[in-house]
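Structure first, commentary second.
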Amino acid sequence: MNNYQQIFKNGLWDNNQAFVALLGLCPLLAVSNTVINGFALGLATTLTLILSNSVVSLVRRQVGSEIRLPVFVLIIASIVTIIELIMNAYFYELYLILGIFIPLIVTNCSIIGRAEAFASKNPFAESFIDGLAMGLGFTSALVILGAVREVLGSGTLFANAHLMFGEAAKGMTITVIGDYEGFLLAILPPGAFIGLGLLIALKNVIDKRLAKPATQTVNLSMAEKKA
Amino acid sequence: MASNKKLILNAGLVLGLFSFIGIGLVSFTYALTQQQIAENERLFVLKNLRELVPENLHDNDLLADSLQLSDTSIFKNERTVTLYRAFKGEQLVAVIAQVTAPDGYNGSIKLLIAIQENGQLMGVRAVSHHETPGLGDAIDTNKSDWVFAFNGRSLSDPAPAYWRVKRDGGVFDQFTGATITPRAVVKTVLKTLQYYQKHEQTLSQTAAVSHE
Amino acid sequence: MHFLTSNAPFIAPQNSVQRMMFWVLIALLPGVITMIWQFGYGVLFNIIICLTTALTAEALMLRLRGRPILPFMSDLSAVVTALLLALALPTLAPWWIPFIGALIAIVIAKHLYGGLGYNPFNPAMVAFAVLMVSFPKSMTVWMLPHALQVDSVTFSDLISIIFQQQANPELIDAITAATPLDTMKTQLGLNQTIDEIRSASLFGSIAGTGWQWVSIAFLLGGCLLLAKKIISWHIPAGLLAGLFVISFIAYMSEPGLSPSPTFHLLSGGAMLGAFFIATDPVTAATTTKGRFIYGALIGVLTYIIRTWGGYPEGIAFAVILINMTVPLIDHYTQPRVYGHK
Amino acid sequence: MSEYLLILVSTILVNNFVLVKFLGLCPFMGVSNKLETAMGMGLATTFVLTLASICSYLANQYLLAPLGLEFLRTITFIVVIAVVVQMTEAIVHKTSPLLYQVLGIYLPLITTNCAVLGVALLNIQEDHGFIESGLYGFGAAIGFSMVLVLFSTIRERITVSDVPAPFKGNAIALITAGLMSVAFMGFSGLVKF
Amino acid sequence: MSFLILIVLFAGLGIILGYAAIRFKVEGDPIVDQIDKLLPQTQCGQCSFPGCRPYAQAIASGEADINQCPPGGEAGIAALADLLGVEAKPLNADNGEETPKLVAVIDENTCIGCKLCIQACPVDAILGAPKQMHTVIAAECTGCELCLPPCPVECITMEPVVKTLALWTWEKPENATQKETS
Amino acid sequence: MKLWRFNGGLPSLAEHKNESTHLPIEIAPVPNHLVYPLRQHIGNAATALVKVGDYVLRGQKIADAQGLISAPIHAASSGTVSQIADHLIPHPSGFSAPSISIKTDGLDKELAPSSQPDFRQLSAADLVSLIREAGIVGLGGAAFPTAIKLDNQSKSRRIDTLILNGAECEPYISCDDRLLKERADKVIEGVNVLLHLLGAKRAILAIEDNVPSTFKAIQTAVDKNNNPVINAVQIPTIYPTGGEKQLVQTLTGKEVPSGGIPADIGIVSINVGTVYAVQQAVIEGKPLTSRIITVTGEGVTTPRNLEVRIGTPISTLIDVCNGYTQYAERLIMGGPMMGFALMNDEIPVVKASNCILVASKHEAVTEKQAMPCIRCGLCASACPVSLLPQQLYWFSRSEQLEKAEKINLLDCIECGCCDVVCPSHIPLVQHFRYAKSALKVQHHEKHLSNIARERFEAREDRLTKEKAERAEKSRIKKAALKEKSAKETIDAAINRAKAKKQNPTEGEG
Ligand SMILES: Cc1cc2nc3c(=O)[nH]c(=O)nc-3n(C[C@H](O)[C@H](O)[C@H](O)COP(=O)(O)O)c2cc1C
Ligand SMILES: Cc1cc2nc3c(=O)[nH]c(=O)nc-3n(C[C@H](O)[C@H](O)[C@H](O)COP(=O)(O)O)c2cc1C
Ligand SMILES: Cc1cc2nc3c(=O)[nH]c(=O)nc-3n(C[C@H](O)[C@H](O)[C@H](O)COP(=O)(O)O)c2cc1C
Ligand SMILES: Cc1cc2nc3c(=O)[nH]c(=O)nc-3n(C[C@H](O)[C@H](O)[C@H](O)CO)c2cc1C
Ligand code: SF4
Ligand code: SF4
Ligand code: SF4
Ligand code: SF4
Ligand code: FES
C-alpha cells in the first residue's frame, strides 16, 4: 500500500474521526437527523479540513509554539467564515437549518486535531490528502448516522434534498415506511448518542471479522514456510 | 534580552500577518456576498408574507411598509410586534403580524398572522419554532394542514370563550399527544386578533405610521 | 487419603438471586390482581407481551454473548423487569409498545452493559422513559378504572384496540381517560383550583378512583418484601419521605393550588416506585446512608417533574436521573470502617 | 432575580449543553475516564467558559458592533478565546504549580471545545446582556461539569462491568450518554425560554 | 477599513502571548518523576534507553511509546496508560517479552574475579574484590542480565526467583461469568 | 455488665457443636512420627537445634526462636530426629517447608518439668521470658508469639483490661468449650498469672450464651478463685464475636484502631487455650507440646475433642476417632468459616490447629455457581468491620488493587460473613485473600524497585563524581602542562619580538 492509500484508509476507516477518534462529535450528533443535513455539513467540513490542512502545512515552519494555537484557529476560522458566507449567499435554507453548527466548524475538534496531529508535521500533498480523507470519512459517518436516524425517526430518506440539489431533487425523498408513527427517540438527542454507539459497535464487529481472515492467512503462510 | 524582544515582536508580527490575510480574505468574500445575503433574507421574509397575502391583493412593498408596535396589555412579554401592512391604493387590505407565542413546548414559536382588514384571519404560519419533530411540528405546513384551520376565523367565529383546543372545551383540534403547542398557538392567534381590534384605527392610517 | 481442596467459607449460602427475585414476584401479585380488577385485561396483555419478549430477548442475548443460558435465565431477573415494565405501561397501549419496551429494557439497558448486575440504569424505567419520549401519543391510553366504566368493554374490543388499532375512536374515547396525575396537571395548567379538579369522578375518596387501591396493594406487597428482608427500608422510606415532605410544604403554603401529599403518594406510581422500582438493587445506591439519600432524591425529583416538568408522572425519569448519581452517592457515603476515625 | 435563576436551571438541566444541545462532546467523551480528571476538566471549563462568555460579550458590544464587523464575529471570538486560554495556562503554570496540576493540562483542550465558541455565539443569538452572558456561560459550564462528573463515575463503574466485546469502550460510553440524555428529557418543560 | 483595528488588536494579542511565553516560562517537568515511579527500575535498557529514568523522560517528551518496557509488562503499561490518560496497548515485541523475574547467580567456582560484572551492574548488586570470587546480593539484583555479556568465563546464570511462603499469593477465583466471548 | 454490638455478623450461623461436645477430652496416643514445621507461628521461622540422628525427649527444645518475633519449638514425645527437610505443611498453599521429623520410640520419656517458684515472686520480665521459652503462641488463631503480646514493659502502653477469649464463635469447633468445662480451674489460674504479669485492673472471660453449662462451670471456678477482678460474661452468639476486634468492641465498646493492636487502647486479648498453655508453663513447668483439637464432621465416625501432641499427623487423630465414614469428602483445618482445605492427612497439626473438620458433601459446599454481583448490599450489612465488600470485590476482580486498598481492603478480617450471605454466591473472601496477598507482593516489588532506583541513582552519582574527579585530575595535569606551554609561548613571543626589532618587515601569522 502506498502512502496515499494508507492515508486514505486511515481517514475513511482505521482512524475515522467520528467512529474511532471520537472527534467532531458535536456537529456529527447534532446535524445527523437527516441524510441531507448530514451530507451538507459533511461537505462543508471536508472543504474546511482540506483547506485548513493545506494552509497549516504550508505555514507550519513559520509559526512558533507560543502562538501556534491562535494562528491555527485563526486560519480555520477564516476559512469557515468564508464558507459560511458563501452558504449564506447561495444555500440559504440549508444555511438556516444547519444553524449554529456552521460557525462551530471552527471548533470542530477534528479540524484542529488534524492540523495539530498531521498537517503541522507533514508536507503539503500529504496534508491535503489527509484532509480530504478525513473529511470524507467524517462525511460518510454523518450520512450513515443521518440515514439510520431518519429512517427510524420519520420513516423517510433524503427528505429536503431540494435544499441542496435544487427543486429537481424534490423527488429524491424516499418514504421507507409509510404511515409511520415515528420512533421519536431516533431524531431526538438520545437517538444520536445511541445510534453512534451502535454504529461504533458494528464497526468493531466488522474489524474483528476483517482481522480474523488476515491472521489465518498469516498462519497459512507460516505453515507453508515450514513445509 | 534582545532576542527576547525580537521573539515577542515576532509573535505579534506573525499573528498580525495571519490575521491580515485571514480577515482580508473574509472581508473580501463578505463584500462579494453581502448583497446576495441581504437579498436572501428579504426574499425569505417576503416569501412567507406572500403566502399569506397574495401579491394581487395589494400594490405596496410589504417589507417597506412595516412598523413596530408594542402593547403590554395584550402581549405580556415586552417584545414588540412587527407589523407588515398591505395596501391597495390608500386602502388597508390586510395586516401581517409577526408575533411570538412564548409558551410552546420547547420555548417560543414565531408566528406570522395575517388579518384581513375586516378582522378575519387570512392565514397563520409558524416561521420558526423548536417544537418536537413528529409531535409539535404539526404547526408546520410541511407537516400537516393544522394551521389552515384558522383561515377565515375571526373574533366572533367562534366566540372568544371557544378559542381553545377541543380538549379544553374549545373548537380547535389538538394534535394527539401534543396539546401544549396548539394551545400556545391558539392563544397567541386570539391575542393577535384582539390586538388588531384594539389598534385597527391606528393601523389603517397610512400617514401616521408611514415612517416609524 | 487424598482430599479435594477448595476455599473457605465452606458454609452453604442461605440466599440466592433467584429467591430474591421470586419474592419480588410474589410481592407484586396483590398489585397485579388489583390492577387487573381495576383496569381490565389490558394489564394482562401487557404482562404477557412483555414477558414473552423479555424472556426471548434474554435467551437470545445470553446466547449471543456465549453465557450459559439456563442458570442465568433461572435467576428470574428478566421476569421481574418485564413485569415491572408491564405494570407501568398504559393499559390500552398497542401491542408494539410492550414489545419494543421489553426489547429496549433487556437488550439495550441490560445486556449491552453485561447483563444482570452491571446495568447502571434501571432497565424497566429506561424502557418506559424511551417509550414515553418516543411515542407520547400511544403512552397515554389508560383505561377508565373499574368503578367509572360505563360501557362494558368486550374482550374482542380489547383485542382490536391492542392488536389492530382500528377500534372506533368513539369507543376509545368512552373507555379511556387521562390518569389522575395527568388530569391534575392539565387542569392546574388551566388555572383551576384543586377543589374544582378533585370534584371530578376520576378522583376517589383518597386519591384517584381505582388508583388508590392499586397503590395500597403495592404498599402491601412492599411490606412483604421488607418483612422478607429482600429490600432494606431506607430506599422506600427515603423516597416516600422526600415526596411527602416537599408536597406537604407546597400543600401548606398554597393549599388551593397544590394537590395534597396523600394524592401524590397514592395516585401515581409512587408506591410501585418506592418499593419495587427504586429498590432495584443493581441500580440503587449500595451504602445504607446512600440509600436513604438516593430514595429522598428520587422523591423530591419526582415532585419537581410532576409539578413543573413536561410529564405528569415523574417516577421513571426521577429514577433514571438519580441512577446516574449512584456511583457518586456511593463514593461519598462510605460507612466508617471499624477502627477508623 | 428569578430570570437569572431560570437561566441557570435552563442551562444546567433543561438545555444541558452536552446532552441536549450537543456542545462540548469531544472532551465529554475524551476526559471522562476517571473521576479526578473529570473534576479537573469541569473546573477548568467553568473558568474558561465564564471568562469567554464575558470576553466575547465585550468584544461584540464594544468592538464588533460599533465597527460594523459582525461578520468577523467567529474569527474574533475564537482568537480572543484562544489567547485568553493560552494566557491563563501560562500564568497558572508559572504561578501555581498546584493549580496547574489540577487545571493546566486541560486548558489547551478547551480552546478546541465547541462549547466555548458555542456559548459566545448563543449569547449573541439570544440577545443576552452582560450579566446574562456571564451567567449563561457559567450555567452552561456547570451543566457540562455536572454531567461530565456523573458520566465519569458511571464509566468507572462500566470498566469493571462485563460489557460485550464490540461494545467495550466508546460504544457503550456513547450509549450511556444516550441514556443519560433520555433521563434529561425528564427535565423538559421545566423552563420555557 | 475598520477591520484594520482588529488586525492591530490581534497583533497586540500576539505580542502579549509572545511576552507571556517568555515571562512565564517553566523549567522542569514533574511528570517525568511520576512516570519514573511507575517503571520497574530494573534498569535493564530493554526499552532502548539507558535505564528507567531516561525512558521516563522519553515518554514524557513524546519520543517513546509506553509499551517498551518488558519487565514492567502489561501491568506496567496499564499503569502508564492510566497516568497519561491514553489507551493501553500490548507490549512492543521488539523490546522483548515479559518474563518471570530472575536473579543472577555467579558460579563461585568458575568466577575469576575479573570485576567486569561489577562495572556492568547498574544497581551495584555484585560484591567482590579484584581476583576474588564475586557474589550477587540476591535481594538487590533486579534481574537485568546486564552482567551476563561482560563475563569472560560465562559463570553468571539467571535463575528464577524462588516463590517464598511470604510472597505466596492466593489463587484468584475465576469468575464463570467473566469468560471473554464476543 | 454492659455489652455493645458490632456491625453485622451472622447470628443464625448453624452451630454443629454438639457432635463433639458430649464426649470428654481424650488424650491422643503417641504417633509413629512427629513433624514440626519450623515456621508455625507469625514471624521468623525457628532454627533447628538438633541434627538428624539426635535423640530427643518430650519437652526438649528442638528449635529455637530466631529474632524477636518468633517462638521455639519443643518435641512432644521421645524419639530420634529422622530428617530435617521439606515436608508438607498445613497451609492453604499446599507448599512444603523445612520441618523436623522425629521417629518416636513409644516410650514418651519426658524432660523433668522444671519446678517453678511461685509466679507471684517473679518479675514480669521473668514471666515473659518463661512464656517465650515455653514456645507459647496464640492458640486462638493467628499463632502470634504470646510473649510479645504480654511484654508491655518496654512500651509505654498501660494495659488495664485483660480479655480472655472463650467465644469460639465458629460452627463445629468446641475445643475451648471442652477445655473450659473440664479444666476451668487451671484456666483461671492462668488468668491470675497473666493479671500479675500485666498488672491489669480487670480480666473479662467471654463465652457465648449458647453454652450455659460451660458458663456455669467457669462461674464456679471464678467464684472459687475469689479474685474480684476476674469476671465471666456471656456474650450474644453472633459470628464472629470471637474475633479479637469484635470481642473488644462487644465487651468494652472501644475499637482497636485500624492497623493497630488492642494494646493501643489498653487491652490484651488472649485465647483461653493460650491461657491454659501459660498456666502449664508457669505453674507446672511444661512447655507447649500439646493442645486440644476438635475432630468433627460427618466424615469421622466419632467426633470429639482430643488433646493432641503438636506434630501428630492428622491421620492419627482420625484413627483415634474411629476412622473416616463413607461421607468423608474434604479435610478442613480450622472451622468451616475460616479454615482451609488440606490435600491429604499426612500433614501434621501445628500449634495453631484448633479443629480438624472432615466434611461431607453437604457440609462443605464447593461448587457454587457464582452469579454477577447484584449490588444488594447484603454483604455490607453483614460485614463486622463495616467494609463495603461489593466494592472491594469489583476492585479486586478488576485488579484495581490500589483502589481496593484505599477503601480499606486491609481491614478485612477474612471472616467470611459477606461470602455466606451473598445471594450471588460470589467467593468474596477468596477475592479478598487474593487481593491482599497480591497487594503484599506489589508492595514488596515497589520496595525492591525503590531500592533499585536508589542504588542506581547512587551509582550514577558515584560514576559522575568519579568522572568529574578524573576530569579534574586530568585538568590539573593538563593545566600543569599548559603552564609549561604558556611559558613557552611567552618565551617564543619575546623571542619573536626580539627578532622583530631586528627585522621589522617580518609580520606575525
Ligand atoms: C419528547 C417529547 C416531546 C414533546 N414535544 C411536544 C411538543 O412539541 N408539543 C407539545 O405540545 N407537546 C409535546 N410533548 C408533550 C407531551 O406529548 C404531553 O403529554 C402533551 O403535550 C400533553 O398532551 P395531552 O394533554 O394530550 O396529554 C412532548 C413530549 C415528549 C415526551
Ligand atoms: C503481623 C502481626 C503483627 C503483630 N504485632 C503485634 C505486636 O507488635 N504486639 C502485640 O501485642 N500483638 C501483635 N500482634 C497480635 C495481634 O494483636 C493479635 O492479637 C493477633 O493477631 C491475634 O489475633 P487474631 O487471631 O484475631 O488474628 C500481631 C499480629 C500480627 C498478625
Ligand atoms: C473471624 C475471627 C473469628 C475468631 N474467632 C475466635 C474465637 O471464636 N475464639 C478465639 O479464641 N479466637 C478467635 N479468633 C482469633 C482472635 O481474633 C484472636 O486471635 C485471639 O483471641 C487472640 O488470642 P491468642 O493470641 O491467644 O490466640 C477469631 C479471629 C477471627 C478473625
Ligand atoms: C427488589 C428488587 C427490585 C427490582 N426492581 C427492578 C426494576 O425496577 N426494574 C428492573 O428492570 N428490574 C428490577 N429488578 C430486577 C433486576 O434487579 C433487574 O433486572 C436488574 O437491574 C438487571 O440487571 C428488581 C429486583 C429486585 C430484587
Ligand atoms: S526496559 Fe528496563 S531500563 Fe527500560 S524502563 Fe523497563 S526496566 Fe527500566
Ligand atoms: S547482578 Fe546482574 S542481573 Fe542482577 S542487577 Fe546486577 S547486572 Fe543485573
Ligand atoms: S470477610 Fe472481610 S469483607 Fe467480608 S464480612 Fe468479613 S471482614 Fe467484611
Ligand atoms: S452480597 Fe453479593 S451480590 Fe450482594 S452486593 Fe454483596 S457481593 Fe454483591
Ligand atoms: S466538536 Fe464539539 S467539542 Fe469537539
Side-chain angles (χ1 to χ4, degrees), chain C residues 61-62 64-67 104 107-109 111-123 125-134 136 185 189 282-283 286 301-302 304-332, chain D residues 2 5-6 9-10 12-16 18-20 32-36 38-39 42 143 145-192:
Chain C
M61 286 310 287
L62 288 170
L64 274 178
R65 297 176 51 223
R67 298 291 184 278
I104 289 171
V107 177
I108 293 189
H111 276 286
L112 290 193
Y113 286 96
L116 177 67
Y118 295 117
N119 47 308
F121 298 101
N122 189 320
M125 290 305 105
V126 165
F128 181 81
V130 167
L131 291 175
M132 199 70 187
V133 169
S134 304
K185 191 179 178 74
V282 177
T283 55
T286 59
L301 203 54
T302 301
I304 290 177
I305 294 176
R306 278 181 181 179
T307 311
W308 294 295
Y311 295 92
E313 173 57 297
I315 290 273
F317 286 100
V319 166
I320 51 177
L321 278 168
I322 303 302
N323 279 166
M324 284 194 295
T325 67
V326 159
L328 212 57
I329 294 180
D330 278 351
H331 186 80
Y332 287 110
Chain D
S2 80
L5 187 75
L6 281 186
V9 174
S10 160
I12 296 174
L13 300 179
V14 186
N15 293 298
N16 187 281
V18 178
L19 295 178
V20 182
S32 53
N33 282 317
K34 278 190 291 182
L35 177 61
E36 297 102 72
M39 285 188 167
S145 311
M146 185 182 77
V147 292
L148 182 68
V149 165
L150 293 179
F151 189 53
S152 73
T153 57
I154 299 180
R155 283 188 83 168
E156 280 188 359
R157 176 172 166 177
I158 292 173
T159 49
V160 298
S161 293
D162 191 17
V163 175
F167 285 90
K168 283 221 165 81
N170 291 332
I172 194 68
L174 277 163
I175 289 173
T176 307
L179 295 186
M180 287 172 78
S181 174
V182 171
F184 266 71
M185 310 265 339
F187 286 124
S188 61
L190 271 193
V191 176
K192 317 256 186 274

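Chain naming here is simple, since letters A, B, ... match the order of the sequence lines and numbering starts at 1 in each. Side chains included, hydrogens not; waters and symmetry mates left out as well; all remaining heavy atoms used. Every value quoted in this text rests on a predicted model; they were computed, and no experiment measured them.
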When you compare the side chain of [Y] with that of [X], does any pair of heavy atoms fall below 4.5 Å?
| X | Y | result |
| --- | --- | --- |
| Leu35(D) | Leu328(C) | yes |
| Ile108(C) | Ile175(D) | yes |
| Tyr113(C) | Ile172(D) | yes |
| Phe121(C) | Thr176(D) | yes |

What closest approach, in Å, do [X] and [Y] show between heavy atoms, and which atom pair accounts for it?
| X | Y | value |
| --- | --- | --- |
| Val182(D) | Ala129(C) | CG1-CB, 3.7 Å |
| Val133(C) | Met185(D) | CG2-CB, 4.0 Å |
| Val282(C) | Arg157(D) | O-NH2, 2.9 Å |
| Leu112(C) | Pro164(D) | O-CD, 3.2 Å |
| Ser188(D) | Tyr311(C) | OG-CE1, 3.7 Å |
| Phe187(D) | Leu301(C) | CE2-CD1, 4.0 Å |

Legend entry - chain D contact via Asp330(C) - side chain, backbone, both or neither, heavy atoms under 4.5 Å: neither
Inset, instruction - Under 4.5 Å heavy-atom distance to chain D, tell me which part of His331(C) shows up: side chain, backbone, both or neither. - result: side chain
Side chain from CB out, backbone as N, CA, C, O: work out which of these in [X] comes under 4.5 Å of a heavy atom of chain C, or both, or neither.
| X | result |
| --- | --- |
| Ile158(D) | side chain |
| Val147(D) | neither |
| Phe151(D) | neither |

Legend entry - Spatial distance of atom CZ (Phe167(D)) from atom CZ (Arg65(C)) [nearest 0.5 Å]: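 Rounded to the nearest 0.5 Å, the CZ-CZ separation comes to 10.5 Å.
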Legend entry - From Ile329(C) atom CD1 to Thr153(D) atom OG1, the distance as rounded to the nearest 0.5 Å: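 Ile329(C) CD1 to Thr153(D) OG1: 10.0 Å, rounded to 0.5 Å.
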